[in-house]
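Only a predicted model underlies this, so the values are computations on that prediction, with no experimental measurement involved. Below, each value reflects all heavy atoms present in this structure, side chains not excepted, and no hydrogens, waters or symmetry copies.
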Amino acid sequence: MVSLSEQELEALEGAVSSVIFQNEDSGYAILRLDVRGEEVTVVGPMAGVAPGEYLSVRGRWTRHPTYGPQLKAEVVERRLPQGLKEMFHYLSSGAIKGVGKTTARLILEEFGETALTVIEEDPDQLTKIKGITRKRARQIGDTFRQRMGTRRLLEFLGEHQLPLELAALLRRAYGDVALEVVKANPYLLVDQEFEVNFSQADALALSLGVGAEDPLRLEAGLIFELSHNNYNNGHTFLPRRKLVEATSTLLETAGELLENCLDALIRRGEAECEQVAGQEAVYLPALYEAESYIAQRILEMSQAQLLPPEGLDKLIARIEQEQRISYAPQQRSAVELAAGRQVILLTGGPGTGKTTCLRGVLSLFERMGLNTALAAPTGRAAKRLGELCGADASTIHRLLETGFDPHSGKLIFTRNSYDPLKADAVIVDETSMVDVPLMAALLDALEGDCRLVLVGDPDQLPSVGPGSLFADLIRSGVVPTIRLTEIFRQAAQSAIIRNAHLINHGQVPDLRRNEGDFFCLIRRDPEAVLDTIVDLCRRRLPERLGIPADQIQVLSPTRRRGTGTRALNQVLQHALNPPLEGKGERRFGDWVFRAGDRVMQVRNNYDILWREEGGSDSGMGMFNGDIGVIRSIEREIITVDFDGKIVEYSPDMLGELEPAFAVTVHKAQGSEYRAVILAALDGASILMTRGVLYTAVTRARELFIVVGDPAAVAGMVHNNRQTRRYSGLRARLTAQTPE
């Protein structure tokens, strides 16, 4: 029986008459296809396509608001040109480096319809043609074989219903042998780099003859469960028993067979197993090394005693005088501790004076002649840190000079133990968001005597990536720590701060008492919640309080359901940025991007280029959580302004952008907004938690409004559910501490 999705696919065949756009990295192309004398625009992943090629395309029709109907290719079959006319068109198109119109004509005159076979299988014969040296002949052959490899890889992917976008990624990782590598081990497609579902890779492997109990399949299942659970659920390891049970369920295979395969992986170093905190812990090697290194380095730094500067009391008094403050005892202790220890932790809730301490420590380091770097996990958190401290701050990724290895396709840091940071001290804010791999990379880039100050609030949501780093460091009791607990009088006047502390202690704020900067608007129907939030953003807050819509951030605990970010973004876009004639638009999936939209980068992209607006500065890398505004949509390119950094997105990159009129609380972590509106009506219990509510409230600088059902808010306060994370850092730190 033919499925509905298959019925909807349109099939076209024809020769490529021209290539309008092509992204060599992703393989995405826009081309004109000559279908029985009529030219049709086809878009999609078609790596290495060139004029003269004959394509059989299946896809769905879409309509570009400016350029009309386009066929979005989902399955592409390619054949080589046939006949001298087609072959001349192909060879003379510039598709093969070193072959132009004159050379194409000479090749066809010499070899006729066998020309392409000669180029691929015996390019040295090309030296028969005057002007073609042996070196040039082999270059022509190499280029053609690369194109043939890409074509066969695309055909293979299409035949097995795998995303065609994989072709460019696989060729970048494995070069000309990509197809052979995939056929030998289809499970490599599950790697984070390729993001193919395990079920798809498993079906491909079984179709290629891999047996249900083949060690290749069993080992791939174990590695998948280990990596999937670690990176999606925040673990750095899994207990051996749980790993085997989960994999047995996934593969419907006996646990005894899996035990043997796991032992084989451990022997080969593809997994690590160690007793940690009473658990037989199984790690991916990279996470094992990162966690072990953090424990070793932090322990060394924690035990280091540094000589504080002479006249410390006078220095602190001078800082107090210049900053017109008088430190509370806890704050003074933080500044004094930073003077004499290599690493310290500074923690506390809102209104307890973390910023005052930060400024004091930074000023002290400057007076000690220390070159200090300020960093945070996200761009918005770094910008806020810089504004609060009156100094330059960057993301940790940019501090480490993130790069992209074109050979491996993976993230690399230029700054490491071989080329460390030129800093005497580093201060990191929002450390609760930092995961184990990133902290290991930061520590690796520090000189042996570099100081480190880690600041954060452990009651906020933990990092998205593996580990409970900040909480583990605090709970270990090994690292010198200052906990700020006193709420200062001025801060206590803020209902946002008072209620945040109530929530954190499990007490429900009085939502009937709307005061100052904290309000609750009771709405018990999803449609009423949406209508109220739209009115607040479009009219009430801009007109009554002078807070424009672009300084209001709408949050929701969930993406789905009636008041999730999907529904909120739809109504907010319609209200705040409706369609207008001449305003560029571009449909992607269920969303229509529009010039003027607020958007968020939703995955780390380390090789994307940006340029500074109105300046000559440029760089690489946009990161998960960066928020910008679409400035224009022209032809196929969406231009986004991320706080002065201008980035151009081609159509194949749009999966990295999401609308951000409303975002989840998790995505807002590390950011601060002038006004925050939280939709609180319903959601899965795992999302409707105290930590989510506390994090949402503490994102607001001037105004916090919750719109929804007070019962839902009370339920969040009482739901202190914290998903257990398997992490060995605390145990490693305490186990290595000398008695």
Step by step, would you call Gln330 with Thr485 a side-chain hydrogen bond (donor to acceptor under 3.5 Å, both in side chains)?
-> CA-CA 8 Å; Gln330 290 177 335; Thr485 57; 2.9 Å; yes
Determine, step by step, whether Ser432 and Asp457 satisfy the side chain to side chain contact (heavy atoms under 4.5 Å, CB included) criterion, reporting the C-alpha distance in whole Å, the side-chain angles of both residues, the deciding distance to 0.1 Å, and the verdict.
-> CA-CA 6 Å; Ser432 63; Asp457 183 349; 5.6 Å; no
Evaluate the side chain to side chain contact (heavy atoms under 4.5 Å, CB included) criterion for residues Leu399 and Leu442: first the C-alpha distance (whole Å), next the side-chain angles of each, then the deciding distance (0.1 Å), finally the verdict.
-> CA-CA 9 Å; Leu399 179 68; Leu442 176 61; 4.2 Å; yes
Tell me, with the steps shown, if Ile344 and Ile482 meet side chain to side chain contact (heavy atoms under 4.5 Å, CB included).
-> CA-CA 8 Å; Ile344 72 167; Ile482 293 293; 5.7 Å; no
Chi angles and distances behind the side chain to side chain contact (heavy atoms under 4.5 Å, CB included) call for Arg498, Leu502 | CA-CA 6 Å; Arg498 292 199 309 274; Leu502 286 175; 5.5 Å; no
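Nearest heavy-atom pair across Asn577 and Gly596 is ND2-C, 3.3 Å. When all heavy atoms of Ile319 and Ser363 are compared, the pair lying nearest together is CG1-OG, 3.6 Å. Closest non-hydrogen pair, Ala595 versus Ile633, comes out as N-CD1, 3.8 Å. Closest approach of Pro377 to Glu430, counting heavy atoms only: CG-O, 3.3 Å. In terms of heavy-atom proximity, Ala660 sits nearest to Val599 at CB-C, 3.7 Å. Taking each heavy atom of Ala679 and Pro557 in turn, the nearest pair found is O-CD, 3.2 Å.
In this structure, CZ on Arg730 lies 11.0 Å from CD1 on Ile474, to the nearest 0.5 angstrom. For the atom pair Arg359 CZ and Lys354 NZ, the distance stands at 13.0 Å (nearest 0.5 Å). To the nearest 0.5 Å, atoms OG (Ser394) and NE2 (His397) are separated by 11.0 Å. To the nearest 0.5 angstrom, Gln507 atom CD is 12.0 Å from His501 atom NE2. Expressed to the nearest 0.5 Å, how far CG of Leu461 lies from OG1 of Thr689 amounts to 6.5 Å. For the atom pair OG1 (Thr481) and CG (Leu473), the distance works out to 8.0 Å, reported to the nearest 0.5 Å.
Remark: side-chain polar atoms of Arg451 are paired, donor with acceptor, to backbone N or O of Ala338 under 3.5 angstrom. Using modelled atom types, no side-chain atom of Arg559 and backbone atom of Thr664 make a donor-acceptor pair closer than 3.5 Å. Using modelled atom types, one side-chain atom of Asn719 and one backbone atom of Ser685 make a donor-acceptor pair closer than 3.5 Å. No donor-acceptor pair under 3.5 Å is formed between the side chain of Arg587 and the backbone N or O of Val592. Looking only at distances, a side-chain donor or acceptor of Thr236 sits under 3.5 Å from a matching main-chain atom of Tyr726. Using modelled atom types, no side-chain atom of Thr563 and backbone atom of Pro526 make a donor-acceptor pair closer than 3.5 Å. The closest donor-acceptor contact from the side chain of Asp535 to the backbone of Asp531 lies at 3.5 Å or more, if one exists at all. Between the side chain of Asp597 and the backbone N or O of Ile630 there is no donor-acceptor pair closer than 3.5 Å.
Note on Arg475 versus Asp472: salt bridge recorded, some NZ/NE/NH1/NH2 to OD/OE distance being below 4.0 Å. The residues Glu322 and Arg318 are annotated as not salt-bridged, no charged nitrogen and carboxylate oxygen being separated by less than 4.0 angstrom. Under a 4.0 Å N-O distance rule, the pair Glu658/Arg598 does not qualify as a salt bridge.
Checking Arg384, Arg380, Lys383 one by one against Glu672, the side-chain hydrogen bond (donor to acceptor under 3.5 Å, both in side chains) holds for a single residue, Arg384. Among Leu609, Ile637, Ile638, Val640, the single residue meeting the side-chain contact (heavy atoms from CB on, under 4.5 Å) criterion with Glu648 is Ile637.
Applying the ring pair (Phe, Tyr, Trp, His ring centres under 6.0 Å) test to every pair with at least one member in residues 664-683, sequence neighbours left out, gives no pairs at all. Among residue pairs with one or both ends in residues 517-575, those qualifying as ring pair (Phe, Tyr, Trp, His ring centres under 6.0 Å) are Phe518-Phe704; sequence neighbours excluded.
Shown here are the side-chain contact (heavy atoms from CB on, under 4.5 Å) partners of Gln551, two or more places apart in sequence or in another chain: Ile547, Pro548, Arg674. With sequence neighbours excluded, the residues satisfying salt bridge (charged side-chain N to carboxylate O under 4.0 Å, His left out) with Asp641 are Arg631. Checked against salt bridge (charged side-chain N to carboxylate O under 4.0 Å, His left out), Glu656 has no partners two or more places apart in sequence or in another chain. Scored by the salt bridge (charged side-chain N to carboxylate O under 4.0 Å, His left out) test, Arg603 finds no partners at all (sequence neighbours excluded).
Side-chain contact between Thr347 and Pro458: present, with at least one pair of heavy atoms (C-beta onward) separated by less than 4.5 Å. Contact check for Leu572 versus Cys537: side-chain heavy atoms found under the 4.5 Å cut-off.
No hydrogens or angles considered: a donor-acceptor pair under 3.5 Å links the side chains of Asp517 and Ser494. Looking only at atom types and distance, the side chain of Gln601 has a donor-acceptor partner in the side chain of Tyr649 under 3.5 Å away. Side-chain N/O atoms of Thr372 and Glu366 include no donor and acceptor closer than 3.5 Å.
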